[in-house]
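Just below is one structure, and these are the notes that go with it.
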Amino acid sequence: MSNSATVYLFAPIALTIAGSLSMNPKAVLICIRMAATMAIATPIAMPANAMAIEPGGYNFMDFVKPGVLLTVITTIVSIAYISIVYPPYM
């Protein structure tokens with residue numbers, strides 16, 4: 001599933017949950033958007049990466065090694081950003 005389809009699928013669900021928990025809906029939607037764009041740890045997550053495996057001579061672990069570190073970094077930055085700019089509870 002593409003990242004756009006993931007956002008379209010989970011946005012209504014997340015908005016319903018945010019409403020029932022009295023959370024900031026913008027914060028929840030930004031979390032979904034950030035999570036959908038952090039598809040960098042595997043070649044399966046992004047079509048461009050999947051197309052580059054065979055011609056480039058890459059294997060699965062060539063994407064996982066740097067991808068896990070980048071995912072951890074972007075997760076930490078995203079949590080800090082969302083907490084400061086879009087407080088979850090208003």
Rounded to the nearest 0.5 Å, what separates atom [atom1] in [X] from atom [atom2] in [Y]?
X	Y	atom1	atom2	answer
Leu70	Met38	CG	CE	11.0 Å
Leu21	Thr16	CG	OG1	11.0 Å
Ile76	Thr71	CD1	OG1	11.0 Å

Looking only at heavy atoms, which two atoms of Ile32 and Phe10 are closest? And how far apart?
-> CD1-O, 3.7 Å
Write down the atom of Pro87, the atom of Ala27, and the distance for their closest heavy-atom approach.
-> O-CB, 4.3 Å
Indicate if [X] and [Y] have the same hydrophobic cluster label, given that clusters are the connected sets of ILVMFWY residues with side-chain heavy-atom separations under 4.5 angstrom.
X	Y	answer
Val68	Met61	yes
Met23	Ile13	yes
Met34	Tyr86	yes

Decide yes or no for Val28 and Leu15: does some side-chain heavy atom of the first lie under 4.5 Å from some side-chain heavy atom of the second?
-> no
Tell me, do Asn59 and Asp62 make a side-chain contact under 4.5 Å, heavy atoms counted?
-> yes
Donor-acceptor pair, side chain of Ser20 and main chain of Ile17, under 3.5 angstrom | yes
Co-members of Ile53 in a cluster of I, L, V, M, F, W and Y side chains, linked at under 4.5 Å = Tyr58, Phe63
